[in-house]
Amino acid sequence: MTVEEEVRAEAAEADAVLIGNDAELIANCWTDDWVAVDATGITPKADIIGWIASGRLQHHSMTTVGGERIARVGDTVVLTARKASSGSWDGTPYEVEEWISQVYVRSDGRWLQAFCHKATT
């Protein structure tokens, strides 16, 4: 399997884990210093994991819309794609399409997401 295929497989697995809303499993897909960046600013891993663990944030679907772009530099890979997702925040349902860029790094023989940037369309 190529590095690009490995990262695509890890990204698909992370999406499946996210839809399962298991905070511990999700935390294992991300580096300890993982952050998400969007129009509201930086959100650390602890916040996202806490919201999922409490049920405040729930993911119901996550689909890649169109193709993905992979750029590799050594043991770092950037995956960029357009994704459609649904879920709920504080009990209010949402559906969103966004462009995402995710940085993956190799750690202990597997690819972990270290950073995620989202831009809502």
Side-chain angles (χ1 to χ4, degrees):
M1 188 180 290
T2 67
V3 166
E4 291 79 4
E5 290 168 337
E6 289 176 8
V7 171
R8 280 189 179 96
E10 180 60 39
E13 175 66 20
D15 285 352
V17 167
L18 199 58
I19 293 166
N21 294 294
D22 183 318
E24 185 176 335
L25 288 177
I26 295 165
N28 290 331
C29 293
W30 299 341
T31 61
D32 290 340
D33 58 351
W34 178 95
V35 296
V37 176
D38 62 17
T40 63
I42 295 173
T43 305
K45 175 181 177 176
D47 289 357
I48 302 277
I49 296 303
W51 296 334
I52 292 168
S54 72
R56 185 175 189 196
L57 174 60
Q58 295 183 345
H59 297 88
H60 302 142
S61 69
M62 180 78 61
T63 307
T64 300
V65 180
E68 298 171 323
R69 178 185 178 273
I70 299 259
R72 177 182 178 199
V73 179
D75 279 345
T76 303
V77 175
V78 178
L79 181 147
T80 304
R82 187 170 179 175
K83 295 204 175 188
S85 64
S86 67
S88 64
W89 173 254
D90 278 339
T92 302
Y94 71 83
E95 289 186 22
V96 66
E97 279 197 22
E98 54 201 0
W99 282 99
I100 58 105
S101 291
Q102 299 167 326
V103 175
Y104 286 85
V105 296
R106 189 179 291 282
S107 177
D108 294 325
R110 63 181 287 229
W111 292 97
L112 297 177
Q113 193 179 123
F115 174 83
C116 180
H117 179 263
K118 299 178 181 187
T120 305
T121 60

Pairs touching residues 58-73 that satisfy salt bridge (Lys or Arg N to Asp or Glu O under 4.0 Å), sequence neighbours left out: Arg8-Glu68
Pairs involving residues 38-51, ordered by first then second residue, that meet salt bridge (Lys or Arg N to Asp or Glu O under 4.0 Å) (sequence neighbours left out): Asp32-Lys45
Pairs flagged by ring pair (Phe, Tyr, Trp, His ring centres under 6.0 Å) wherever residues 20-58 is involved - sequence neighbours left out: Trp30-Trp34, Trp51-Trp89
Set of residues satisfying side-chain contact (heavy atoms from CB on, under 4.5 Å) with respect to Ser61, sequence neighbours excluded: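 Scan of Ser61 (side-chain contact (heavy atoms from CB on, under 4.5 Å), adjacent residues dropped) gives Ser86.
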Residue list, side-chain contact (heavy atoms from CB on, under 4.5 Å) with Thr2, at least two apart or on another chain: Glu4, Glu5
[X] versus [Y]: any side-chain heavy-atom pair under 4.5 Å?
X: Leu79; Y: Ile100; result: yes
X: Phe115; Y: Val37; result: yes
X: His60; Y: Pro93; result: no

Heavy-atom pair of closest approach, residues [X] and [Y]:
X: Gln102; Y: Cys116; value: CG-SG, 4.0 Å
X: Ser101; Y: Thr80; value: OG-OG1, 3.2 Å
X: Tyr94; Y: Ser85; value: CE1-OG, 4.0 Å
X: Arg110; Y: Cys29; value: NH2-CA, 4.0 Å
X: Arg106; Y: Glu6; value: NH2-OE1, 3.0 Å

Can you name the side chain to side chain donor-acceptor pair (under 3.5 Å) partners of [X], sequence neighbours left out?
X: Thr64; value: none
X: Asp33; value: Thr31
X: Thr63; value: none
X: Glu97; value: Arg82

Honestly curious: do [X] and [Y] fall in one hydrophobic cluster under the side-chain, below-4.5 Å linking rule?
X: Val103; Y: Ile42; result: yes
X: Val35; Y: Val78; result: yes
X: Leu112; Y: Ile49; result: no

Residue list, ring pair (Phe, Tyr, Trp, His ring centres under 6.0 Å) with Trp99, at least two apart or on another chain: none
Gap between atom OG1 of Thr76 and atom CH2 of Trp111 - 0.5 Å precision: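 One gets 7.0 Å once the value is rounded to the nearest 0.5 Å.
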Members sharing Val65's hydrophobic cluster (side chains within less than 4.5 Å): none
Distance-only check: which donor-acceptor pairs under 3.5 Å involve side-chain atoms of residues 12-22, not counting sequence neighbours?
residue : atom : partner : partner atom : Å
Asp15   : OD1  : Lys83   : NZ           : 3.3
Asp15   : OD2  : Lys83   : NZ           : 2.5
Asn21   : OD1  : His59   : N            : 2.7
Asn21   : ND2  : Ile19   : O            : 2.9
Asn21   : ND2  : His59   : O            : 2.8
Asp22   : OD1  : Glu24   : N            : 3.1
Asp22   : OD1  : Leu25   : N            : 3.1

